[in-house]
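Every value quoted in this text rests on a predicted model; they were computed, and no experiment measured them.
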Amino acid sequence: MSRKLSDKGIDGDDERDEEEEYSDEEEEDGEEDEYEPRLKYQRMGGSVQSLLSSDAATCISVAERMIALGTYSGAVHILDFLGNQYLSLRGKEIHKVLGRIDLCSRNRGSSRGALELVKEFAAHTAAVNDLCFDTEGEYIGSCSDDGSVIINSLFTNESMKFEYHRPMKAVALDPDYARKSSRRFVTGGLAGNLYLNAKKWMGYRDQVLHSGEGPVHAVKWRTSLIAWANDAGVKVYDAANDQRITFIERPRGSPHPELLVPHIVWQDDTVLVVGWGTSVKIASIKTNQNKGLNGSYKYITMSSLNQVDIVASFQTSYFISGIAPFGDSLVVLAYIPAEEDGEKNFSSTIPSRQGNAQRPEVRVVTWNNDELATDALPVHGFEHYKAKDYSLAHAPFSGSSYAGGQWAAGDEPLYYIVSPKDVIIAKPRDTEDHINWLLQHGWHEKALEAVEANQGRSELVDEVGSRYLDHLIVERKYGEAASLCPKLLRGSPSAWERYKYLKTMKYVGNLLVIEVQLVIFSRWVFHFAHLRQLPVLVPYIPTENPILRDTAYEVALVALATNPSFYKDLVSTVKSWPPGIYSTSPVISAIESQLNTSSMTDHLKEALAELYVIEGQHDKAFALYADLMKPDLFDFIEKHNLHDAVREKVVQLMMVDSKRAIPLLIQHRDFIYPPEVVSQLMAAKTKCDCRYLLHLYLHSLFEVNPHAGRDYHDMQVELYADYDPKMMLPFLRSSQHYTLEKAYDICVKRDLLKEQVFILGRMGNAKQALAIIINRVGDIEEAIEFVSMQHDDELWDELIKQSLNKPEMVGVLLEHTVGNLDPLYIVNMLPNGLEIPRLRDRLVKIVTDYRTETSLRHGCNDILKADCVNLLVKYYKEAKRAICLSEDVDQAHSKRNQQRASHLGERVISMKSMERGRRLPLPPGPTGWPVIGALPLLGSMPHVALAKMAKKYGPIMYLKVGTCGMVVASTPNAAKAFLKTLDINFSNRPPNAGATHLAYNAQDMVFAPYGPRWKLLRKLSNLHMLGGKALENWANVRANELGHMLKSMFDASQDGECVVIADVLTFAMANMIGQVMLSKRVFVEKGVEVNEFKNMVVELMTVAGYFNIGDFIPKLAWMDIQGIEKGMKNLHKKFDDLLTKMFDEHEATSNERKENPDFLDVVMANRDNSEGERLSTTNIKALLLNLFTAGTDTSSSVIEWALAEMMKNPKIFEKAQQEMDQVIGKNRRLIESDIPNLPYLRAICKETFRKHPSTPLNLPRVSSEPCTVDGYYIPKNTRLSVNIWAIGRDPDVWENPLEFTPERFLSGKNAKIEPRGNDFELIPFGAGRRICAGTRMGIVMVEYILGTLVHSFDWKLPNNVIDINMEESFGLALQKAVPLEAMVTPRLSLDVYRC
C-alpha cells in the first residue's frame, strides 16, 4: 500500500488525504491490508531549496561525511549535514580552506534533512552527468556533457581537469584514490570508450579498457573491480589482473539506454546489482583475491579462478529509475508508466508539459521480487518528469551490521531520491517508529511487546503504558488493566503519579502575593477509584520503587474495607504492605464503623487486628485474634507481654491449643484466677466440650499445686471418672478436699472398684472394702496388702473367714502372711479335709521364708552392735586430741609447709635466672606447683581458666605446665605479635599424644612440621578442595546435599519428630565432603552408622583438646595416668578401619573417574612433587582424617551455637527471616549468590564466631628460637596458646561482650571486620601461616547452611523443654554440653523441600 509524504513528514500509512482520488472499494481494500512501512522520508531542506529554485539537480553522490549534488548548470555543490558552508567556487575562482575540517559525525540520530551548502564547484559549462567520491571522502570527481572530467580535492587547492571533447556520462574514482599515488579514475561517455586514467612518470595517461559497443552509460568501481554499462550490456573488469572477467547481456526488449539509463550498484565486494528498464539481475563474482598479511589484497593471476553466477533475476511492472541494496533486500526507485507511455515518450529530454505522470515510488523488494513495502513520493512537479529525470543514491554502510532485519545503532543506510527540483532522504524506520505506528493503529499489545524488549526510550515506555491502560479501561477490561499496571508503568513515579502546580493569590497588606504549590496525585489510583474499580487495582499498587503518596494507599485500603467482596484481599494487603507508607487511622475508622453490623466478618476482624498491631494497640489486636482463634495467638501473647489481656479470652485460648493455653493460665494464675477460668469454661457449653477442657485445666492445676483448685475437687472426681479414670485413684489419694460420699457415689455409678475400696477405707468401712476386693476384684494379694495397711487384727480374721471357702485364696494367704500373721493360726482355722492346691510347696516356702527372716534379723542386730562400738571408739579418740588455740602458731606452721612445697620450684627459677643473666624477664603468670606446674589450675574448662588468669596477669602470660613452658596470648594485639610478627618462629606444632596416636604420628596436614610435605598437602587441598576456585567447582554438591537435608527435616516436621541439629548437620556435611573427596555420599541414609561416625568425630575433637599430663611431663607419659592415650588408640583404630575401607573402595572404582577425577584421585596422582617429597598412603589417610573431622565438626558446632542463640533471642530470628524474605522470597531456596545481599545473616555468623569460636584455644604452636615480645623474653621450645575465646569476650574490644548482638557488625569500625585471619579481633580460624586451611570453606558452609535453615523453617523448642542449656563442653572444638533439639515448621513453598 502506498503512502504519502507531507512537508512535515509522513502523515500516515494510507492516503486518506487524497481519498477523493480513490474509490470506496479501493479504500476498503487498503484498510484491510495494513502493512507497516520499512522506510521513513524527509525532504532535504536548508540550502537545497534555494539552489534548485534557479537550477535543476541532475545527479548526487554520497560519502561518509558529505553529499555532492550536480546540477543542470554544471555546478557541483558539496553539502554537509549541519548547515556549515566551507567554500564556494565559481568559475575559475577558488577560496582556500584553512586546515582540515571535520565535516560531520556519522551519527544517524542527527537530523539529515537540514543540509546546508558547504562547498561549490562550477567548473563545468554543461549539465553534470555523474559524481563520485573516493572512499576517504577527500576527492570528488565529476563529468559533464561539456566533455570534461574534473577531480577536486575537498581539503586542499588540488584540482585537475581532463578534456575528452565528447559528452561524458559516467565517472568513478579509484576507492583508494587519496592513498595511492597513481590517482586512477575511470570514465566513459557518448564516444563509446571506457578510459582508465592513471598518473605515470610522464604525467597522466589514458588507457582504453573497452570500446566499440556504444556509449558508456554508467560505471562503478569497488576494490579492484570496475563495472560499466553500455548498449550491449554490463561488463566487469579486474584492474588488479588487467583483464575483463564477465559480461551480463542487456535485457531483451528494454528501452534504449539513452532513453532509460541502466543502473548498476555494488552491494558488497563481490555482488553486483543491475537494474535496467524493467529487469533486475544480481551477479555474484568470485574473484581470485586473497587477503594479505597487512590487510591489502594479493592476487593470483589465474583467470580460471574467476567465476560469475547470476544468483537472482526478475522482471518488474515498472521502470527502474534507481536501485540500491537494503540489507539482504533491495530498494528500487520505481517509475510507473502510463498506458500511453512507449519508447517514443522517452525520446525527449525536456520534461513533459501534459502533467499526466504518476508519483514515483520507492519499493523494498527481495531478491525474488517479493514486495516488502511500497511508498509513493510527492515529489515537486512529478507530473512533468520522466523515468530518466530521477536518480537514487545511498550512503555507504556496513552490510555486516545488518542482522535479522535490523541495523546496528548509528549504521543504518540512507537513501537520496533526486528529481530536478527536489531531494528526498529515506532511511529505515527505527524501533520508536515501529512502536508509534503500532499505537496509531491501535495495536497496543504489539507496541507493549516492543517496549518490553527494551527498544524504546523511557518517555515512549510511559506513553505506551498510559495509552494501553486507557484503551483497556475504555473497553471495560479493568482486571486486565490493573494486572498490567506494574508492567506498563514499571518503577516510574511519574507514570503512576501526575504533578500539578496550583497557584493561589492573596493580599498581604497592599501587596499581592502569589503562592505556587506542587500537588502530586496518583493518577491511576484515583482513576480506578472514580470508576469504582479500585479493589481490582490494589494487588498491583507498588509499595517500593516507587512509593506513592500515603493518600493513595489509604484510599485503596478504605475501598477494600467498604466492599465485602474484598475483605479477604484487605487482609493480605495489610499484611504485605509496609506499614510506613500509609496512615492506619482512616482505615481503622472505616472498619470500626462496621464492628456491630452484619457486614463484620472474620476477614474484616483480622484486617482490623493487623492494623491495631501496626498502631501498637496490641491488646485490641489480641482480642480480635482470640475471637478468630488464630494458631499463633500464644506467640503473639509472649511477644507483646499481653498476659493481662488473657483473662477475658480463656475459652478461645483453650479452643485454639489447650496444651499451650493451660501452662499459660497456670503460670499466671496470680492474676488469671482459677475461679475465672472455671466460670468462663462452664459458660461456654455451646462453643466447645467445656467439661473436657475443664478437666485438662484442673488436672494440670492440681499437679502444680494440689490446693489451688480445692473448691473444685468434687467436680474433678466426676471429671476424672468421665475422661481419665486411670488418674482417679492417684487424685483420691492426694486430695483432701473432696466429699467422700459424693466421690463414692460417682465411683459406684462408674463401677470403679479400686476407687471404691480406697474411699471405703478412708471412710472407715474396711470390711466392706475387703469384701469388694475378695468378691468382686478377686485379688487376694491386693486384699492382703489392704489388710496390712489397715493394721487391724480383726480385719485379718475377716480376711481368713471370707477366704475359707476359696482354697486357692487360702494357699495364697499362707504364702504372704509371713511377717504379718502366724501361719499356724491360719492352719488351725482350716476345716479338715479342705484341699489346698500346692499345699506342700507352700508350706516349704513358709518355713524357708521364716528361717530367712530370722537370719536377717540376727544379722542386722550384729551389724548394729558393731557400728555402735566403732562410733564410740572414734568419739573417744577425737575427744583425746588437743586443740591449738594460738593464731600465730597456726600461721607459722602453714608457712613452713609452703616453704617446703616451693623449695624445688625456687631452685628451678634460680637456675633459669642464672642462665638468662641480664636478659629480659619472662612474662608474668601463676607460680604453680613443683613438677606439675600450673596444670591443676586449668581445670575442666582451660579456656575459661586462662581468661580469668589473663585479667590478673595481663594479655601475655607465662605458665609452667609440667616441665614445659607455655605462653598465652589473650588480646588482639598479643595475638598479632605472635601470629603475624613472629609467625615464622611459631610455625611448628609441639609433640603431643594427639598427633602421635590420632594423626598417624603427625603425618597429616594439621600436626605436620612446617616444611615441604606440609606445603604440598596444603597446596593440594587449596587447589582442589578448599580454595576459592575449588569451592565454586563443588557448589552444586553443597546445594544438592542441602536439599537432602531439608527434605529429611521436612519429613520429621510432618511426623511431629524433633530434629537433633548436630545429627543432621554431621550427616549432610560428611556427605558433602565425601562427594568431593571420594565421588560418593559416604552415608546414604541416617542410621547407626551415621550416629557412630558423629560420636567418633565428637570424641576425637574432645580428646584432642585435653591437657594430657604425658604431653607436659614426658617422663610420665608411659603411665597414661588419665587413660587418654588408651582412648586415642582405640579411636584411631576405628577411624583407620573406616578410612581403609573408603580408600579400598575408591581404588577399586578408579577407572570410572578417569574423565572426572575427585580430590583423592588428584592427591594420588600427585604423590611425587618437584621438590622430591613423596606422599605415602599414611599421609593421604591422615589428610582424609583431617578433612572429614575438621570439615564436619567445627562448622556444625558453630551452626548449632548460632541456632541456639537465635532461638533464645526470637527478635534476631525474626529479623533474619524478614531480611531473607525481602531478598529471596518464599518460593525458592537460598542460594550462595544471595549471601552478599544478606548483611544481617553475615553479621549473625560473625557474632557466633566471636562468642562461640569453633576452637576456643588455637592448636598449640612452639617457638623454634628464643624471642622477645612486648619486653618479655620467650625461651626456645615454648608452647604458644592463643585464647580465641577470651579475645571474643574481651570488654576492652567488644561492647557488652556476653550479649549476642549481631548489629555490632553492621556499622562502625566493626563493620569491616572479617573472620579470615587479618583482623585479630575475630580469628576463629587462627591466623598466620598455620591458619586453618579450611577457612574459606568454613565461612561458606556456615553462612550457606545457617541461612538455609533459618530461611526454610520456623523453630521452637520441644514441648518438654523449657529453656536451652547453653553450657559448653571443652575440646579441640567447642561443643554444646547438651545437643540442641528443636521442632521445625516449614515456612516456604512445599516445592522447595522436594529433593
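Note that OH of Tyr1393 and CZ of Phe1353 are 5.0 Å apart. Values are rounded to the nearest 0.5 Å. For the atom pair CD (Glu1367) and CG (Asn1365), the distance works out to 4.5 Å, reported to the nearest 0.5 Å. For the atom pair Glu1321 CD and Asp1292 CG, the distance stands at 12.5 Å (nearest 0.5 Å). Atom CD1 of Ile1339 sits about 9.5 Å away from atom OG of Ser1195, to the nearest 0.5 Å. Atom SG of Cys1245 sits about 5.0 Å away from atom CD of Glu1343, to the nearest 0.5 Å. Asp632 contributes atom CG, which lies 11.5 Å from atom CG of Asp657 (distance to the nearest 0.5 angstrom).
For Val656 against Phe634, the heavy-atom pair with the smallest separation is CG1-CE1, 3.9 Å. Taking every heavy atom of both residues into account, Pro1297 and Gly1288 meet most closely at CB-O, 4.3 Å. Residues Leu701 and Ala708 approach most closely at CD1-CB, 3.7 Å, considering heavy atoms. When every heavy atom of Asn1296 is checked against every heavy atom of Arg1304, the shortest pair comes out as O-NH2, 3.2 Å. Taking every heavy atom of both residues into account, Phe1300 and Ile1244 meet most closely at CZ-O, 4.0 Å. Between Ala661 and Leu653, the shortest heavy-atom contact is CB-O, 3.5 Å.
Ala1052 pairs by the side-chain contact (heavy atoms from CB on, under 4.5 Å) definition with Glu1057, Val1059, not counting sequence neighbours. Take Lys639 and apply the side chain to side chain donor-acceptor pair (under 3.5 Å) test, not counting sequence neighbours, and it matches Glu1214. For Tyr697, the ring-ring contact (aromatic ring centres under 6.0 Å, His included) criterion is met by no residue, not counting sequence neighbours. Among residues two or more places apart in sequence or in another chain, the ring-ring contact (aromatic ring centres under 6.0 Å, His included) test is passed with Tyr1344 by none. Residues that satisfy the ring-ring contact (aromatic ring centres under 6.0 Å, His included) test with His640, not counting sequence neighbours, are His618, Phe636. Every residue two or more places apart in sequence or in another chain that forms a side-chain contact (heavy atoms from CB on, under 4.5 Å) with Asp714 is listed here: Tyr738, Thr739, Lys742. Listed by chain and residue number, Tyr692, His695 satisfy the ring-ring contact (aromatic ring centres under 6.0 Å, His included) test with Tyr723 (two or more places apart in sequence, or in another chain). The side-chain contact (heavy atoms from CB on, under 4.5 Å) test applied to Asp1354 returns Gln1217, Thr1385, Arg1387, not counting sequence neighbours. Taking the side-chain contact (heavy atoms from CB on, under 4.5 Å) definition, one finds that Val944 meets it with Met941, Lys948, Trp1285, sequence neighbours left out.
Salt-bridge check for Asp635 with Arg660: passed, with a basic side-chain N closer than 4.0 Å to an acidic carboxylate O. Using a 4.0 Å cut-off between a side-chain N of Lys or Arg and a carboxylate O of Asp or Glu, Glu1247 and Arg1242 do not qualify as a salt bridge. Salt bridge annotation for Asp1391-Arg1229: absent, with no cationic side-chain nitrogen under 4.0 angstrom from a carboxylate oxygen. We find that Lys1376 and Glu1368 are not joined by a salt bridge, their nearest charged nitrogen and carboxylate oxygen being 4.0 Å or further apart.
More than 12 heavy-atom neighbours from other residues, nucleotides or ligands sit within 6.0 angstrom of CD on Gln1054. In this structure, Glu648 places its CD atom where only 12 or fewer heavy-atom neighbours from other residues, nucleotides or ligands lie under 6.0 Å away. For CD of Glu1295, the number of neighbouring non-hydrogen atoms (other residues, nucleotides, ligands) closer than 6.0 Å is 12 at most.
Between Tyr612 and Phe622, the distance from one ring center to the other does not fall under 6.0 angstrom. Ring to ring, Phe1249 and Trp1201 are not that close: their centroids are 6.0 angstrom or more apart.
The salt bridge (charged side-chain N to carboxylate O under 4.0 Å, His left out) analysis of residues 702-711, with sequence neighbours excluded, yields no pairs. Annotation: salt bridge (charged side-chain N to carboxylate O under 4.0 Å, His left out) contacts involving residues 715-726, sequence neighbours excluded, comprise Arg691-Glu718, Arg691-Asp722, Asp722-Arg750.
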Practice task
Give the C-alpha distance, both sets of side-chain angles, the deciding distance and a yes or no for salt bridge (Lys or Arg N to Asp or Glu O under 4.0 Å) between Arg669 and Glu676.
Solution key: CA-CA 10 Å; Arg669 62 184 181 275; Glu676 294 182 4; over 6 Å; no

Problem - side-chain contact (heavy atoms from CB on, under 4.5 Å) evaluation trace for Leu752 with Lys754 - result: CA-CA 6 Å; Leu752 301 175; Lys754 292 184 179 181; over 6 Å; no

Exercise for the section: Go through the steps to decide whether Asp1221 and Lys1226 satisfy the test side-chain contact (heavy atoms from CB on, under 4.5 Å), and finish with yes or no. Expected result: CA-CA 6 Å; Asp1221 292 346; Lys1226 290 190 176 183; 3.4 Å; yes

Exercise for the section: In sequence, state the C-alpha distance, the side-chain angles, and the governing distance for Glu1381 and Ile1061, and then conclude on side-chain contact (heavy atoms from CB on, under 4.5 Å). Expected result: CA-CA 6 Å; Glu1381 297 183 13; Ile1061 308 304; over 6 Å; no

Practice task
Output, in order, the C-alpha distance, side-chain angles, deciding distance and verdict of side-chain contact (heavy atoms from CB on, under 4.5 Å) for Leu732 and Val717.
Solution key: CA-CA 8 Å; Leu732 295 175; Val717 173; 4.2 Å; yes

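Residue Tyr625 is tested with Glu610, Lys630, Glu606 for a side chain to side chain donor-acceptor pair (under 3.5 Å); the sole match is Glu610.
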Pairs under 3.5 angstrom only: tabulate donor-acceptor contacts from the side chains of residues 1204-1211 to other protein residues two or more places apart or in another chain.
unit_1, atom_1, unit_2, atom_2, d
Glu1205, OE2, Lys1251, NZ, 3.1
Glu1205, OE2, His1252, NE2, 2.7
Lys1208, NZ, Asp1363, OD1, 3.4
Asn1209, ND2, Glu1205, O, 2.7

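Of the possible polar contacts, one joining the Gln680 side chain to the Val650 backbone as a donor-acceptor pair under 3.5 Å is found.
Counting heavy atoms from C-beta outward, His713 and Leu698 have side chains that stay 4.5 Å or more apart. Residues Leu1257 and Pro942 meet the side-chain proximity criterion, which asks for heavy atoms closer than 4.5 Å. The closest side-chain heavy-atom distance from Met1045 to Phe1067 is not below 4.5 Å. Side-chain contact between Val1350 and Met1220: present, with at least one pair of heavy atoms (C-beta onward) separated by less than 4.5 Å. Using a 4.5 Å heavy-atom threshold, the side chains of Ser734 and Pro706 count as separate. The shortest side-chain heavy-atom distance between Pro1239 and Leu1306 falls under the 4.5 Å cut-off. The shortest distance between side-chain heavy atoms of Ile662 and Met654 falls below 4.5 Å. When side chains are defined from C-beta on, Glu1232 counts as touching Val1340, because their heavy atoms get closer than 4.5 Å.
Tyr720 and His699 are linked by a side-chain donor-acceptor pair at a separation below 3.5 angstrom, with hydrogens and angles left out of the test.
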